[in-house]
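Computed from a predicted model, the values in this text were never measured in an experiment.
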Amino acid sequence: MMHSKSLFRLGLIAALALVLTPAFAQHKKKRVAKKHSKSHYSEALPSAAQLAANSNILLKDGWNMQSATKVTANGAAISQPAFPTDGWYKVSVPTTIIAGLLANNVYNFDPFYGMNLQKLNDPQFDSPWWFRKEFTIPKTEIGKDIVLRLHGINYKANVWLNGVLIADSNEVMNPFRIIELNVTKAARPARANVLALEIRRPIDPNKRGGDLAIDYADWIHYPPDYNGGIVNDVEVKTYDRVGIEYPLVATHFDGPSLDLAHLTVDALVTNYSANPQDVTIKGRINTNISFEKRVHLEAKSISNVTFTPAEFPQLDVRNPRIWWPWQYGSPELNHLEIEAIHENTVSNTIKEDFGIREITSKLIDDKSRVFIVNGKRIVIRGAAWSPDIFQRRSPKRQEQEIRLYRDMNMNIVRSEGKMEDDNFYALCDKYGMLVMTGWMCCGAWQYPENWDAAKRASAMASDSSVMYWLRNKPSLMAWLNGSDMPPRDTTVERDWLDIEAALKWPNPIVATANETKSKVSGFSGVKMDGPYEWVPPIYWETDTAERHGGAYSFATEISPGPSIPPYESLVKFIPKDSLWFTTATWKYHCGTMTFGTTDVFNDALQGRYGKAVDIKDYIAKAQAQDYEAHRAMMESYGLRKYHTATGVVQWMGSNPWPGLIWHTYDYYLYPAGTYFGMKKSMEPLHIMYSYPNGEVYITNSLQQRFTGLKAEAAIYNIDGTLKFSKQLTTTVEPDSITKCLTLPPVSTPAPTTYFLRLQLADANGAVKSINWYWLSTKGDTLDWKKSKWYTTPQTAYADYSALQNLGKTTLKLAVTAAPKKGDSAVHNITLTNTGKTVAFQVHLRALKGRSGDDILPLIFSDNYIELAPGETRTLQCTYEIQDAAGSSPYFLATAWNAGEVGEAAAAAAIKPAAKKPAAKKKTRRRSN
């Protein structure tokens, strides 16, 4: 048996071993200054763009998986080419155990339907599982160093290659690390190789003494395998004596001008050989900036190489192509190629896109941190993210979901202790979507004082892995060293900060996602004071004591609670006989513990809109309540931006399984009331109503001044008669808030409900924002003294019961096809209210034929809208042609007080776009 420690890079692991001793705290500063970038290098996660090594084999397809309870052979036998795998499951990596079983159709039921998830419980998950892969290393790699990289083993593994135990489960653990193993002696170039991983799932990651793995806390059920398996890539890389990896291009602007960018380039160079090497490191940015230097490497050593503008003036870049978050500019990407050359031979080359951008932050006061991108302060508004509950990832779905985030006008995605893959971050880079990520609450990660030496070493290695992996991605805005509190052991935060500084993390680091002041790094400038449960729209602007979730500081996770999917989605995961909020199945699809019901939301719904008579009535009211609640939350943070509101993150955006709480669109990517309330609230140029004082404002999120804007306000009685109207012309400054007018008091009519219609048009008459509110002369009243960490109860509800008896109206619908956008079909749908009352909550759907399912995903320019008597609006619908499944789309509109009306789109609109001929190869490469 080969001794596994000899296969790790000893120079990289030696300093990490210091973590295991009490003396580490005294030695860490000296160690960091001299060796830290080397010490944790073996744990660093490479990006997908770094695939241009001497040879890189991504071990993705063609794996076999089986429970160790059904395999009597040991790893020495399993990792031989002749070993039979009859009866094993064929899987692709990454995969968890359950994901692999689902891919093999092992279960004769949908685990998401009803309470079927409980049927997945199986004692086999508590035993190890084997993951086996046969592969070939090209003959050209004979004589080179061969390195196995395990990017995400969850949780522990014994690693076998060609009958040899390479490393055991004491060394290979933790899904956030990459374990790099030099397998040169065991590998067989030009012959069949067999890798066998014996993986044991994590134990109790949700408990204080559990494993440092993926945790879900109180918002979803745990998969019974606890995501045990392989949750990121497995690679085999070869190097000819030396290799270069992990580039970083850091940007600094002198400011405020962005005409000159100072770039500093870093990368790590490894000498795999037993002899000293003199190496030339040569780099190129785009096609016009080149730089190189000579580096001497001792045997079996690693060196960080840095190129600064002081040494290389060409790294002072004039008129750079700058990466901006979307709405602030274009997310321009530049291209870096860097290679290691020895003896006139290129050993390996890295090709990676990067962004020329600089992100910093500062405290407005002790409670409020503002983030600054390229010298411009920016209000952060977005939502949290989680992958599928079984960690299944699809590049197509990832892009669909990022497009949904961007369509809602969000500018950030926040993840918590669930790192994504490289494709996800590349999409965020491409679409200009900022990312905030960091370590997990509320189980083992939150209690470092309970870690033993091995867990502490693993946590340090995980931190260095993530730093190397994510540091060059332009979308990464900030890193959180804690979630619900700073690390409870202050030495852990200090050590992480040392790692992050030594590895040159270029972005802000915050101790915690909550408001607790760190004893190490001071005030966080962010908060996590809730709510997570239903609160009325007026809540956000009336938390004047600044003790809860009101519009001040940076709320890193916050929500008005449930988001009820439409009927068409509900019936996909809840049996029709359980479609009511009192059933066990309904509650099972809520969260857990405190959030195991929708009771607070239900009480408000029936107190405000009237008792729900059946499930469809309940769903209709739920969409209206979700719309107004989520819109008000985001509007309030826009209204008070920088005074002192600086950011807000809805908990959550994506939905990792079919659930009833905390998402902006459901698991089936159906956008409903929450989605369109969020989208409306974050319009770049937006007109809005302030609930506490009856004022109308324009919020401008763009870096542009607008003159001649025409603002209109109109109040309609419940019977559709116009009670008040006013128009004015105004100017708004860039990234600003402008008060338009104060609405007159509305006398108490019978009934108490009325409508407010706001409209904003530019100087040319182009409408930029239409925003309807349904209001009541009887307002929601909050009992602030009885507030809890997750909600504030109400003592009185607004009265919208008159909406149940709206006078009937009629809708007219017409569809025209617009020019296709690539592989997307585009339709314009014109809706007219031909009656005399306001058409309330007009919901537009696109179906796969008149009686078909909804086309999903899709983008509507607006939805769940209101129409004044006689009003006409044209909405646009865009979807991928393939998602229509060959059907001619049928557009259907419904409203609370209008019957269904529909029209089929022209069949020609769904014809796939013709394939374009392959473009001729150009001599000049252009970055995306």
Side-chain angles (χ1 to χ4, degrees), residues 400 403-404 406-409 566 627 665 669-673 675-677 679-680 682-686 757 759-762 764-772 809-835 838-850 852-895 898-914:
Q400 290 170 334
R403 286 177 175 174
L404 292 177
R406 206 171 98 148
D407 180 59
M408 283 184 280
N409 298 305
Y627 188 110
Y665 51 86
L669 308 186
Y670 200 126
Y675 182 98
F676 288 102
K679 179 174 180 174
K680 179 64 64 178
M682 291 181 281
E683 291 174 321
L685 190 59
H686 179 64
R757 183 187 188 275
Q759 179 175 299
L760 184 67
D762 65 18
N764 297 318
V767 176
K768 296 298 181 180
S769 177
I770 296 176
N771 198 5
W772 282 80
T809 189
T810 53
L811 298 173
K812 181 180 178 181
L813 181 150
V815 181
T816 58
K820 293 194 290 278
K821 297 178 181 178
D823 292 326
S824 296
V826 182
H827 302 272
N828 293 323
I829 304 95
T830 300
L831 291 161
T832 302
N833 178 6
T834 60
V838 172
F840 184 63
Q841 288 281 283
V842 180
H843 176 206
L844 188 61
R845 299 167 61 194
L847 308 180
K848 299 173 185 176
R850 186 163 190 159
D853 292 334
D854 290 83
I855 299 172
L856 295 173
L858 81 175
I859 300 291
F860 277 113
S861 59
D862 204 351
N863 213 333
Y864 291 88
I865 66 171
E866 283 67 50
L867 293 170
E871 182 179 4
T872 295
R873 286 190 62 188
T874 297
L875 309 182
Q876 190 168 86
C877 175
T878 306
Y879 58 86
E880 294 292 321
I881 293 170
Q882 63 182 357
D883 292 328
S887 300
S888 178
Y890 185 83
F891 288 93
L892 180 70
T894 58
E900 291 185 351
V901 58
E903 182 175 310
I910 66 163
K911 290 181 180 179

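Within the 4.5 Å cutoff, the side chain of Leu831 has no heavy atoms near those of the Arg873 side chain. Here the side chains of Leu844 and Ile865 are not in contact, with every heavy-atom distance at 4.5 Å or above. Taking the side chain as every heavy atom from C-beta outward, Val838 and Pro869 approach each other to under 4.5 Å. Under the 4.5 Å side-chain criterion, counting only non-hydrogen atoms from C-beta, Pro889 is in contact with Tyr879. The side-chain heavy atoms of Leu669 and Leu858, taken from C-beta on, include no pair separated by under 4.5 Å.
At least one donor-acceptor pair closer than 3.5 Å links the side chain of Asp762 to the backbone N or O of Asn764. The backbone N or O of Ala895 lies less than 3.5 Å from no partner atom in the side chain of Gln841, so there is not a single donor-acceptor pair. Between the side chain of Thr832 and the main chain of Thr872, no donor-acceptor pair closer than 3.5 Å is present.
Atom CD1 in Ile829 sits 8.0 Å away from atom OG1 in Thr816 (nearest 0.5 Å). Rounded to the nearest 0.5 Å, atoms OH (Tyr627) and OH (Tyr864) are 11.0 Å apart. Separating the NZ atom in Lys679 from the CZ atom in Arg406 is a distance of 12.0 Å, to the nearest 0.5 Å. Between the CG atom in Asp854 and the CZ atom in Arg845 there is a gap of 4.0 Å [rounded to 0.5 Å]. Distance CG/Leu867 to CG/Leu811: 6.5 Å, rounded to 0.5 Å. Taking CD from Glu880 and CG from Asp823, the interatomic distance works out to 6.0 Å, rounded to the nearest 0.5 Å.
When all heavy atoms are compared, the tightest approach of Cys877 to Phe860 is CB-CE2, 3.5 Å. Across every non-hydrogen atom of Gln876 and Lys821, the tightest pair is OE1-NZ, 3.8 Å. Shown here for Phe891 and Ala905, the closest heavy-atom pair between the two residues is CE1-CB, 4.0 Å. Contact between Asn833 and Ala839 at its shortest, heavy atoms only, is ND2-N, 3.4 Å. Here the closest non-hydrogen pair linking Ile855 and Leu847 is CD1-O, 3.8 Å. Listed here is the closest heavy atom pair of Ser769 and His686: OG-ND1, 3.8 Å.
Annotation: salt bridge (Lys or Arg N to Asp or Glu O under 4.0 Å) contacts involving residues 881-890, sequence neighbours excluded, comprise Lys396-Asp883.
Checking Asn409, Asp862, Asn863, Asn771 one by one against Lys680, the side-chain hydrogen bond (donor to acceptor under 3.5 Å, both in side chains) holds for a single residue, Asp862.
At a cut-off of 3.5 Å, with distance as the only test, no side-chain donor of Asn828 or Thr874 sits close to an acceptor on the other residue. At a cut-off of 3.5 Å, with distance as the only test, a side-chain donor of Asp407 or Tyr675 sits close to an acceptor on the other residue.
In this pair, Tyr670 and His843 present their aromatic rings tilted. The plane angle is within the 30 to 60° band.
Remark: Asp853 engages no residue in a side-chain contact (heavy atoms from CB on, under 4.5 Å) (not counting sequence neighbours).
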